[in-house]
Amino acid sequence: MTLTIGVLALQGDVREHLGALESSGVQAIPVRRPAELEVVDGIVIPGGESTAMSRLLGVFDLYDPLVSRLRAGLPAYGSCAGMILLASKILDTRADARHLDALDITVRRNAFGRQTESFETNLQFAGITDDDGAEPMHAVFIRAPWVEETGPGVEVLATVESGPATGRVVAVRQENVLATSFHPEVTGDLRVHQFFIDMVATA
């Protein structure tokens with residue numbers, strides 16, 4: 001059976017995630033309505049602007065259905081703004097911003113700085129780059145968050161290895177929920193998407 005994975009299509013890197021998922025061999029659909037959410041086996045929450053996506057979840061009547069499905073175990077992957085939305089606590093956000101409370105983490109928005117301070121680096125990613133002969137993961141950070149605290153059920157998968165942000169947590173997993181500070185959808189490296197697809201397949 002072919003998996004169907006949705007990409008929350010309210011704002012952000014929707015097309016790039018759809019392309020990465022399709023290139024990885026699954027059916028990928030944009031999700032803008034509760035009926036579309038009901039048919040997916042997993043959901044990707046893309047990079048973009050977290051406060052705008054938070055507001056649009058309400059506009060499109062998706063907030064409550066998405067929270068319900070996440071609490072019922074729907075596998076989810078969030079990149080950059082998606083990590084922020086999945087978090088249980090967000091620092092430096094708007095007072096009226098809502099989040100999905102699906103990951104027991106505290107994240108800081110724009111932690112690495114503004115757009116002009118975007119950067120790229122290589123990372124070791126547990127479960128991906130520790131395979132025999134695997135290349136490091138080239139990660140692109142664009143106005144990215146980082147994880148300041150993790151709860152006891154959260155596995156740290158990657159940290160920054162050099163520069164002023166050395167040691168900062170940038171990829172985590174808790175049960176069926178995966179999040180990265182960086183944007184694998186823009187690099188052509190499909191390994192994070194395949195990692196998530198494997199999570200969906202075994203959920």
K.L.:
Between T159 (side chain) and V169 (backbone), is there a donor-acceptor pair under 3.5 Å?
P.N.:
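No: the side chain of T159 does not pair with the backbone of V169.
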K.L.:
Parallel, tilted or perpendicular: which fits the ring planes of F196 and Y77, with parallel below 30° and perpendicular above 60°?
P.N.:
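F196 and Y77: tilted rings.
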K.L.:
Can you name the side chain to side chain donor-acceptor pair (under 3.5 Å) partners of D101, sequence neighbours left out?
P.N.:
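Residues passing side chain to side chain donor-acceptor pair (under 3.5 Å) with D101: none at all.
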K.L.:
Please give me the minimum heavy-atom distance between R109 and S50, naming the atom from each residue.
P.N.:
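So the two residues come closest at NE-OG, 3.1 Å.
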K.L.:
Passes side chain to side chain contact (heavy atoms under 4.5 Å, CB included), H99 versus K89? Steps please.
P.N.:
CA-CA 8 Å; H99 51 98; K89 186 175 181 182; 5.9 Å; no
K.L.:
May I ask you to check whether T129 and Q124 show a side-chain donor-acceptor distance below 3.5 Å?
P.N.:
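On atom types as modelled, these side chains qualify, holding a pair under 3.5 Å.
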K.L.:
Looking at every heavy atom in both L10 and L56, which two are closest together, and how far apart are they?
P.N.:
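It is O-CD1, 3.5 Å.
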K.L.:
Passes side chain to side chain contact (heavy atoms under 4.5 Å, CB included), D189 versus M137? Steps please.
P.N.:
CA-CA 8 Å; D189 187 337; M137 180 157 294; 4.3 Å; yes
K.L.:
Within the 3.5 Å criterion, strictly below it, is a donor on S79 or H17 matched to an acceptor on the partner's side chain?
P.N.:
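H17 and S79 do have a side-chain donor-acceptor pair below 3.5 Å.
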K.L.:
Ignoring hydrogens and geometry beyond distance, is a side-chain donor-acceptor pair present between S54 and Y63 at under 3.5 Å?
P.N.:
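Distance-only check fails for S54 and Y63.
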K.L.:
Looking at S181 and P145, would you say the former's side chain and the latter's main chain have a donor-acceptor pair under 3.5 Å?
P.N.:
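Yes: the side chain of S181 pairs with the backbone of P145.
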K.L.:
Same cluster or not: are M53 and L18 linked, directly or through other Ile, Leu, Val, Met, Phe, Trp or Tyr residues, by side-chain heavy atoms under 4.5 angstrom apart?
P.N.:
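Cluster IDs for M53 and L18 differ.
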K.L.:
Under 3.5 Å, is there a donor-acceptor pair between the side chain of R98 and the main chain of L57?
P.N.:
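A pair under 3.5 Å: no.
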